[in-house]
Amino acid sequence: MPSPPLPTSSSAPRSACRRRTRGRPAGRRPPVGGGRRARRGAGGGHGAPGRGAGGGARPEEWGAFLLVGHGVPARAAAGVEEQVARLFALPAPDKARAGRRPGEASGYGYPAALHLPKHVVRGVHVPRGRLARRVPPRLARRRRRVPPLLRRDGGAHHREMRALGGRLLDVFFAALGLTANQIAAGETEWKIRETLMATMHLNLYPRCPEPERAMGLAAHTDSGFFTFITQSPVPGLQLLRRGPDWWVTVPPPPGALVVVLGDLFQLLTNGRLRSAFHRAVVKRERDRISVPYFLGPPLASAVPPGRKAAFRAVTWPEYMGVREKAHRTDASALAMLRVADEGEESGMPHKN
Ligand SMILES: O=C(O)CCC(=O)C(=O)O
Ligand SMILES: [Fe+2]
């Protein structure tokens with residue numbers, strides 16, 4: 001299916017925010033900001049996840065957190081939003097020519113894997129890491145007009161984010177009870193860190209005159225290990241808190257990255273760290289840009305769950321297949337992979 005031509009960010013058509021098709025209307029989300037938990041967060045009048053890997057709310061609880069002091073130089077992040085805006089402002093025919101075609105991993109268009117309302121999110125999807133060489137020649141030819149973010153080497157942003165991914169993995173390993181020596185000597189840990197594969201999406205959510213009747217990105221969990229989200233200073237990302245269910249808006253403090261844990265990380269840690277159910281809403285007055293940088297295992301390696309396996313091992317592509325099936329039947333992909341109760345023996349997988 002050819003990707004539709006896209007509007008420029010400043011002239012998003014009304015049709016860009018037609019009525020949402022799934023889930024609770026954004027405007028009727030449960031009230032936020034009233035509870036003790038909410039006040040613990042950093043988000044003005046809204047409830048919010050705590051900042052940093054170690055402080056405030058725990059990632060086990062939220063499946064996500066704000067990361068500050070991450071060491072990614074401001075200059076690497078500074079240009080991202082501007083580059084993305086430039087890309088979306090390219091003439092529609094140029095964007096259409098760079099459209100993602102069936103079977104291609106990168107290009108301009110809608111996210112393929114999520115069964116989304118097909119009318120709001122416009123994205124360019126450029127796999128990084130091992131797949132970087134497969135950036136379509138159509139994009140490569142337009143190199144001079146394509147922002148550095150999308151170039152083959154990925155630019156400073158890609159290098160910094162990939163390195164941060166490795167550092168954060170070590171923080172997670174430590175949180176799971178591994179000592180510094182075990183982490184340094186651990187073959188499994190080393191392999192996971194060294195082979196991390198990155199994929200990036202660029203999302204534009206055009207402003208919408210009736211935001212309460214539209215949805216930017218339907219509620220979902222990410223599939224990989226974890227995602228770094230750079231977002232424009234326009235809040236729109238929301239996390240689901242359970243019991244009773246309520247949507248909590250993640251604030252966009254300058255320089256902070258949102259870390260969202262994915263399903264394969266839940267599987268890898270045998271359920272000790274949980275993926276976050278999240279979505280993106282649209283705004284009446286302002287466009288919003290987000291750049292999720294997804295990190296996960298190399299495509300061919302099966303992700304082994306912990307000692308007493310709660311899940312069966314899968315590759316990332318196999319997982320995407322299970323997820324497709326789950327979406328069609330409204331089931332949970334992780335539940336489909338569960339082979340036993342998550343027990344006390346969860347943790348990092350066996351070394352082998
Ligand atoms: O726009 C956002 O903040 C969220 C993006 C996201 O969840 C995704 O692309 O998977
Ligand atoms: Fe996501």
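Hydrogens, waters and symmetry mates play no part in the numbers below; they use all other heavy atoms, side chains included. Just so you know, ligand 1 is whichever comes first in the structure, and atom 1 is the first atom listed for that ligand.
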Within the 4.0 Å heavy-atom cut-off, what V260 brings close to ligand 1 is neither
Which ligand 1 atoms, with their elements, are less than 4.0 angstrom from a heavy-atom of [X]?
X    : answer
Y205 : 1 (O), 2 (C), 4 (C), 5 (C)
N203 : 5 (C), 9 (O)
S290 : 1 (O), 2 (C), 3 (O)
D222 : 10 (O)

Just to verify, what does R284 make a salt bridge (charged side-chain N to carboxylate O under 4.0 Å, His left out) with, not counting sequence neighbours? E212
Among H278, Q238, R279, closest by heavy atom to atom 7 (O) of ligand 1 is H278
Run the salt-bridge test on K191 and E187 with the 4.0 Å N-O cut-off and return the result as yes or no. no
Please work out whether the ring planes of F265 and F226 are parallel, tilted or perpendicular, with thresholds of 30° and 60°. perpendicular
Pairwise distance CH2(W316) to OG1(T199) - rounded to 0.5 angstrom: 5.0 Å
I want to check a possible cation-pi pair here: R272 against F172, using under 6.0 Å from ring centre and within 45° of the ring axis as the test. no
With heavy-atom distances below 4.5 Å as the criterion, would you say the side chains of I229 and V250 are in contact? no
Should R288 be counted as touching ligand 1, given the test is an N or O pair under 3.5 Å? yes
Of all the N, O or S atoms in D222, the one nearest to the Fe ion (ligand 2) is OD1
Mind checking side chain to side chain donor-acceptor pair (under 3.5 Å) for R162 and listing every partner two or more places apart, or none if nothing turns up? none
Does at least one non-hydrogen atom of P292 fall below 4.0 angstrom from an atom of ligand 1? yes
